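All values reported here derive from a predicted model rather than from experimental measurement. Convention: sequence-line order gives letters A, B, ...; per-chain numbering from 1. Side chains are part of it too, since the values below use all heavy atoms of this structure and drop only hydrogens, waters and symmetry mates.
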There are 2 protein chains.
Amino acid sequence: MNTEPYLEDFKRILKKENLRYTSQRVEILKEIASSNHHLECEDIYFSLREKGVDASLATIYRTMDLLVKHQFVRKLNIGEGRARYENKIDGEHHDHLICTECGNIIEFVENDIEVLQEEIGKKYGFKLTKHIHQLYGICEDCQNETD
Amino acid sequence: MNTEPYLEDFKRILKKENLRYTSQRVEILKEIASSNHHLECEDIYFSLREKGVDASLATIYRTMDLLVKHQFVRKLNIGEGRARYENKIDGEHHDHLICTECGNIIEFVENDIEVLQEEIGKKYGFKLTKHIHQLYGICEDCQNETD
DNA sequence: GTTGTTGCAAACAATTTGCATATTC
DNA sequence: GAATATGCAAATTGTTTGCAACAAC
């Protein structure tokens, strides 16, 4: 169904910015919206491809910028190399705990930290816009494997 | 003076790993150690160059890996693109508050957050090794400029 | 003298861009 | 029909790597 509310929002935003509501943009957004993983542009490229939807990598990169700008997705810079993107449409804010051995990502929410962050922003006179908070370590499974 | 204790440490570590104590490595480490900024490899390359010290960019990249591994520096992935490195030799741990307008970086320390992080690690059975915590926003000066 | 290191240039990987063609409004 | 998007291939950027010459041990 193309009547998901986020698609309506997207349409409205595009119109306001004089941008076009193209099938590629819609498919890319739907792909992200229906996933709760942390996707790279290539992941999206291949998922769409499998579904018979063609969108070039260039278009995906271009669209991701647009989606980040309008808060549909969040760009993550886990580890190095490629960027990852996560659905930000529904679902509450969270941060990430990353296993450096197996790459597994756990999402965590810690309201006390959020509050402290706000206080730090205030203390230094910053108007905060976003934050990156990633904890890196070795998960239980990987710790056991090393034995 | 080449008798700074960290240089002695460095020498010892290199020996233990069967690596050589070369002038390039020493100069690169000294350059970082004497700075309290967040340097890119290119910054180091040019600073050394100005001082008449020649070290290729490739060597700097290689040395940074070594220094990160042995905890002399911390690698930061602020914003995107190039990596930055900061002196970790003395000075206590801190995180960063970054102005997205002017690029200014403020270092902050918030022990309560550190404690909460540990608790999260424990909760999920992780042995934490490092973390990235960056707050992004607009600093006081830049907020005023927009008027 | 052996082994690890450097510098250079070429290789790489992720991302961006220019431009002709296609699509939306 | 005018204006924006797309796909492609080429360009760019940060970083890594192979290898011959060089330096540390």
Side-chain angles (χ1 to χ4, degrees), chain A residues 2 7-8 10-32 38-46 48-49 52-70 72-73 75-85 103, chain B residues 2 7-8 10-32 38-46 48-49 52-70 73-85 103:
Chain A
N2 272 27
L7 283 177
E8 291 304 313
F10 190 41
K11 197 170 196 168
R12 213 186 53 248
I13 288 169
L14 290 174
K15 180 163 279 168
K16 189 163 51 177
E17 303 239 328
N18 245 312
L19 301 174
R20 304 211 163 139
Y21 189 71
T22 65
S23 64
Q24 287 89 334
R25 285 177 177 159
V26 171
E27 292 300 333
I28 292 166
L29 174 53
K30 281 165 73 181
E31 187 62 29
I32 286 251
H38 306 89
L39 305 172
E40 304 175 357
C41 286
E42 275 212 351
D43 295 333
I44 298 170
Y45 176 72
F46 287 115
L48 288 178
R49 211 149 213 275
V53 175
D54 269 317
S56 71
L57 251 185
T59 294
I60 295 172
Y61 276 107
R62 284 187 277 233
T63 302
M64 297 321 289
D65 286 346
L66 190 60
L67 295 177
V68 167
K69 183 173 171 198
H70 295 290
F72 289 94
V73 307
K75 185 175 189 174
L76 304 176
N77 257 39
I78 281 157
E80 256 69 72
R82 337 185 152 79
R84 285 175 175 275
Y85 298 86
Chain B
N2 270 27
L7 283 177
E8 291 304 311
F10 190 40
K11 198 169 195 168
R12 212 186 55 247
I13 287 169
L14 290 174
K15 179 163 279 168
K16 188 163 54 180
E17 303 239 326
N18 244 315
L19 301 173
R20 305 216 162 134
Y21 189 70
T22 66
S23 63
Q24 287 89 334
R25 285 177 177 160
V26 170
E27 292 300 331
I28 292 167
L29 175 53
K30 282 164 74 181
E31 187 61 31
I32 286 253
H38 307 88
L39 305 172
E40 304 175 356
C41 285
E42 276 213 349
D43 295 331
I44 298 170
Y45 176 70
F46 287 116
L48 288 178
R49 212 150 212 274
V53 175
D54 270 317
S56 70
L57 250 185
T59 295
I60 295 173
Y61 276 107
R62 285 187 277 232
T63 302
M64 297 321 291
D65 286 347
L66 190 60
L67 295 178
V68 167
K69 183 173 172 199
H70 294 290
V73 308
R74 181 149 84 124
K75 185 174 188 173
L76 305 176
N77 256 38
I78 281 158
E80 258 67 70
R82 338 185 152 78
R84 286 177 175 273
Y85 298 86

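Counting only heavy atoms from C-beta outward, the side chains of B:Ile28 and B:Met64 approach each other to under 4.5 Å. Taking the side chain as every heavy atom from C-beta outward, B:Ile13 and B:Leu66 never approach each other to under 4.5 Å. The side-chain heavy atoms of A:Asp43 and A:His38, taken from C-beta on, include no pair separated by under 4.5 Å.
Each of B:Asn18 and B:Ala55 lies near DNA chain C, and the nucleotide nearest B:Asn18 is the one positioned closer to the 5' end.
Note that the CD1 atom of A:Ile32 and the NZ atom of A:Lys30 stand 14.0 Å from one another [nearest 0.5 Å].
Between the C1' atom of D:dT15 and the CG atom of B:Asp65 lies a distance of 10 Å, rounded to the nearest Å. Rounded to an integer number of Å, the gap from B:Glu40 CD to D:dT15 C1' is 13 Å. Between A:Arg25 atom CZ and D:dT4 atom P there is a gap of 11 Å when expressed in whole angstrom units. Protein atom NZ of A:Lys16 is 18 Å distant from nucleotide atom P of D:dT4, rounded to whole Å. Put simply, CD1 on B:Ile60 is 17 Å from C1' on D:dT17, counting in whole angstrom units. Between A:Leu14 atom CG and D:dT6 atom C1' the separation is 15 Å, expressed in whole Å. Protein atom CE of B:Met64 is 19 Å distant from nucleotide atom C1' of D:dT17, rounded to whole Å. With rounding to whole Å, B:Leu57 atom CG is found 10 Å from D:dG14 atom C1'.
In this structure, B:Arg20 has no side chain to side chain donor-acceptor pair (under 3.5 Å) partners at least two apart in sequence or on a different chain. Residues satisfying the side chain to side chain contact (heavy atoms under 4.5 Å, CB included) test with A:Glu31, not counting sequence neighbours, are A:Ile44, A:Ser47, A:Leu48, A:Lys51. Partners of B:Arg84 by side chain to side chain donor-acceptor pair (under 3.5 Å), not counting sequence neighbours, listed by chain and number: B:Glu40. Residues meeting the ring pair (Phe, Tyr, Trp, His ring centres under 6.0 Å) test with A:Phe10, sequence neighbours left out: A:Phe72. Listed by chain and residue number, B:Tyr45, B:Phe46, B:Asp54 satisfy the side chain to side chain contact (heavy atoms under 4.5 Å, CB included) test with B:Arg49 (two or more places apart in sequence, or in another chain).
Rotation axes derived from the C1' atoms of the five outermost pairs at either end of the helix from C:dG1-D:dC25 to C:dC25-D:dG1 lie 30° apart, to the nearest 10°.
For DNA chain C, the span of nucleotides reached by chain A at under 4.0 Å from its heavy atoms goes, 5' to 3', from C:dA14 to C:dC25.
The two residues A:Asn77 and A:Ala83 make their nearest non-hydrogen contact at OD1-CB, 3.9 Å.
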**Request:** Using a 4.0 Å cut-off on protein heavy atoms (strictly under), produce a 5'-to-3' string for nucleotides 18-25 of chain D with B for base contact, S for backbone-only sugar-phosphate contact, and - for none.
**Result:** B----BBS
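Here B:Tyr61 does not reach the OP1 or OP2 of D:dT16: none of its side-chain N or O atoms lies under 4.0 Å away.
Evaluation of the side-chain hydrogen bond (donor to acceptor under 3.5 Å, both in side chains) test over residues 59-70 of chain A, restricted to residues two or more places apart or in two chains, returns A:Ser56-A:Thr59.
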